[in-house]
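Residue numbers begin at 1 in each chain, while the letters A, B, ... track the order of the sequences. Predicted model only: the values in this text are computed from it and were never measured.
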Protein chains: 2
Amino acid sequence: MASLTEENYLKLIYHLSGPGYEEVSTNALAEQTQTKAASVTDMLRKLAEKNLIHYKKYQGVRLTEEGQQEALKVIRRHRLWEVFMVEKLGFRWDEVHPIAEELEHIASEELINRLDAFLDFPESDPHGDPIPTASGRMPSAEYEKLAEVPVQQEVIMMGVSEHTAPFLQFLSKSGLIPGSLVQVLEVNEFDRSMTIQINEAHPSFVSYEVARNILVQTKV
Amino acid sequence: MASLTEENYLKLIYHLSGPGYEEVSTNALAEQTQTKAASVTDMLRKLAEKNLIHYKKYQGVRLTEEGQQEALKVIRRHRLWEVFMVEKLGFRWDEVHPIAEELEHIASEELINRLDAFLDFPESDPHGDPIPTASGRMPSAEYEKLAEVPVQQEVIMMGVSEHTAPFLQFLSKSGLIPGSLVQVLEVNEFDRSMTIQINEAHPSFVSYEVARNILVQTKV
DNA sequence: ATAAAAATTTAGGGCACCCTAAAAAAATGT
DNA sequence: ACATTTTTTTAGGGTGCCCTAAATTTTTAT
């Protein structure tokens, strides 16, 4: 029903509206879609006609329930294909995003549900992001930022909130991958950088910029 | 480089030009693409500009070497995804074609070569059609039609030359799937129908229309 | 409160891929 | 051989998604 371009808009609106489902601005969409604001306005009018978004001129945009379900389907497909590529085909976690951007538009529900089963119903993708269920619910992953963990605390690395290839490659090189045991040894008050220990290895140093993009869970 | 629509044209020209690489007519393409002849002419002009086809007005069309390589890439992807869906996801052979029509346009060579390895470098798809190699060669499968096998001869079912779901479903129901051992028990001279035995089972009856769409190999 | 700046929409147009109608070329039948 | 039929191309136009330029609304700053 929704075209490839429409699906990309819905997914983007979902991501940009954040946990509070705030209104998304035309300019924010133009920036992320690599298009101009005028083109975004065109598309918003179309999505509104299809009842996929709530749209009042000059007022920003929110997904309707229907639009959100569409967005979650696309995100589910994206993340399942990422799991497939890493777990079954041996890709690294920093390589799979661009290919999943294409695979996510293959619509067959049968395909995606069988893939889900083949992968043993994973709950999160290789970056730690939760996978929406077949029934259209996004599991809420309540992680905290490594940057906010107090000294001495031990945590488990669960995922990232920044998905660029260079960042992911840097983490791999440091041994910081989902599942790692991390202990905060020292926090530098001045620039909020940290010294941490990863899986019993030698202490490592991470900047605040890095630490705030790493999601962790307090050790159970 | 080639758009989704262009890829579909190249694949279609490949299939319609047959083993002898004969010229394909505008009307034949219009019929198969579910479009009108005028639209086909538009596209042919575009493909010729990109050096993917040899095209002289009113003279029909052939693939260039470059165009054939593109077509073989698409066919390779299509057939590998079909193997994946049947072997790994448990689809039936009559279900996978429409989904593979979408998956075949995901261009990543890395993806497809890793998929190839994951599937153990299959030589043919679930319908017995050969899978082009990564280097762009179509393995020649020299099978004969079941319809041409003499009485008493034992053969192995290798594939089909008709890929519609109803035909494939009929074959499954009869136990006629690639790998089956088939012996021709009797041929009816009048309508060329056959009585055959499949894998030691009770004798079955197949019409000429069915027998000429089943590809077999003489038992080794 | 209102002028200036920023954000957004409208107007008008381009390219890819499709259409119908009409013209042109090729194939066919006598 | 040539009139008729069939095939193919050209002409002109439509929709989806993008653009620039100009107009409009909202926000910000004084």
Side-chain angles (χ1 to χ4, degrees), chain A residues 1-14 16-18 22-63 66-67 70-71 74 101-102 104-107, chain B residues 1-14 16-18 22-63 66-67 70-71 74 101-102 104-107:
Chain A
M1 200 95 312
S3 74
L4 185 148
T5 310
E6 287 166 357
E7 284 190 350
N8 281 332
Y9 269 86
L10 294 173
K11 181 182 56 153
L12 189 57
I13 294 167
Y14 182 92
L16 290 178
S17 64
E22 301 120 36
E23 260 82 26
V24 176
S25 77
T26 300
N27 268 358
L29 290 168
E31 190 182 326
Q32 295 291 317
T33 54
Q34 312 259 54
T35 65
K36 302 300 161 129
S39 309
V40 172
T41 301
D42 265 10
M43 180 57 88
L44 294 185
R45 207 169 31 69
K46 193 159 58 125
L47 292 173
E49 257 165 37
K50 292 191 176 184
N51 282 312
L52 294 166
I53 59 173
H54 294 292
Y55 173 56
K56 278 198 286 252
K57 289 200 295 189
Y58 299 100
Q59 302 290 107
V61 70
R62 276 183 310 114
L63 293 175
E66 196 185 333
E70 273 305 307
V74 178
E101 290 283 324
E102 299 186 55
E104 72 188 7
H105 300 292
I106 310 290
Chain B
M1 199 94 314
S3 74
L4 184 148
T5 311
E6 287 166 358
E7 284 189 351
N8 281 333
Y9 268 86
L10 295 174
K11 182 182 55 151
L12 189 57
I13 294 168
Y14 182 91
L16 290 178
S17 64
E22 302 120 33
E23 261 83 25
V24 177
S25 77
T26 300
N27 268 359
L29 289 167
E31 189 181 329
Q32 296 291 315
T33 54
Q34 312 260 53
T35 65
K36 301 300 161 133
S39 309
V40 172
T41 301
D42 266 8
M43 181 57 87
L44 295 184
R45 208 172 28 71
K46 193 160 58 125
L47 292 173
E49 257 165 37
K50 292 191 177 183
N51 282 315
L52 294 166
I53 59 173
H54 294 293
Y55 174 55
K56 279 200 284 258
K57 290 200 295 190
Y58 298 99
Q59 303 290 106
V61 69
R62 275 182 312 115
L63 293 175
E66 195 184 340
E70 273 305 306
V74 177
E101 290 283 325
E102 299 187 55
E104 72 188 7
H105 300 291
I106 310 290

Below the 4.0 Å mark, does D/dT10 have OP1 or OP2 next to a side-chain nitrogen or oxygen of B/K57?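 So the side chain of B/K57 is within the cut-off, an N or O lying under 4.0 Å from OP1 or OP2 of D/dT10.
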
At under 4.0 Å, does any side-chain N or O of A/N27 touch on OP1 or OP2 of C/dA6?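 False: A/N27 side-chain N/O out of range (4.0 Å or more) of C/dA6 OP1/OP2.
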
Test side chain to side chain donor-acceptor pair (under 3.5 Å) applied to A/E66 - qualifying residues, sequence neighbours left out: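 If we apply the side chain to side chain donor-acceptor pair (under 3.5 Å) test to A/E66, skipping adjacent residues, there are no hits.
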
Could you work out, with side-chain contact (heavy atoms from CB on, under 4.5 Å) as the rule, every residue matching B/A48, not counting sequence neighbours?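 With neighbours one apart ignored, the set is B/I53, B/Y55.
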
Considering residues at least two apart in sequence or located in another chain, which fulfil the side-chain contact (heavy atoms from CB on, under 4.5 Å) criterion with A/T35?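 So A/T35 forms a side-chain contact (heavy atoms from CB on, under 4.5 Å) with A/Y9, A/T33, A/S39, A/V40.
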
Any carboxylate oxygen within less than 4.0 angstrom of a Lys/Arg side-chain nitrogen, looking at A/E101 and A/K11?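 Counted as a salt bridge, because a side-chain N and a carboxylate O are separated by less than 4.0 Å.
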
Length of the [atom1]-[atom2] vector between [X] and [N], whole Å:
{"X": "B/M1", "N": "C/dA16", "atom1": "CE", "atom2": "C1'", "answer": "16 Å"}
{"X": "A/K50", "N": "D/dT15", "atom1": "NZ", "atom2": "P", "answer": "15 Å"}
{"X": "B/L44", "N": "C/dA16", "atom1": "CG", "atom2": "P", "answer": "16 Å"}
{"X": "A/Y55", "N": "D/dT25", "atom1": "OH", "atom2": "P", "answer": "13 Å"}
{"X": "B/E49", "N": "C/dA16", "atom1": "CD", "atom2": "P", "answer": "10 Å"}
{"X": "B/Q59", "N": "C/dA24", "atom1": "CD", "atom2": "C1'", "answer": "14 Å"}

Between the protein and nucleotides 22-24 of chain D, which nitrogen or oxygen pairs are less than 3.5 angstrom apart?
none

Write down the protein N/O and nucleotide N/O pairs, taken from nucleotides 18-21 of chain C, whose separation is under 3.5 Å; answer none if there are no such pairs.
from   : atom 1 : to    : atom 2 : distance (Å)
C/dC18 : N4     : B/D42 : OD2    : 2.9
C/dC19 : OP2    : B/K36 : N      : 2.8
C/dC19 : OP2    : B/S39 : OG     : 2.5

Among residues at least two apart in sequence or on other chains, which ones pass salt bridge (charged side-chain N to carboxylate O under 4.0 Å, His left out) with B/K36?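 Applying salt bridge (charged side-chain N to carboxylate O under 4.0 Å, His left out) to B/K36 gives none.
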
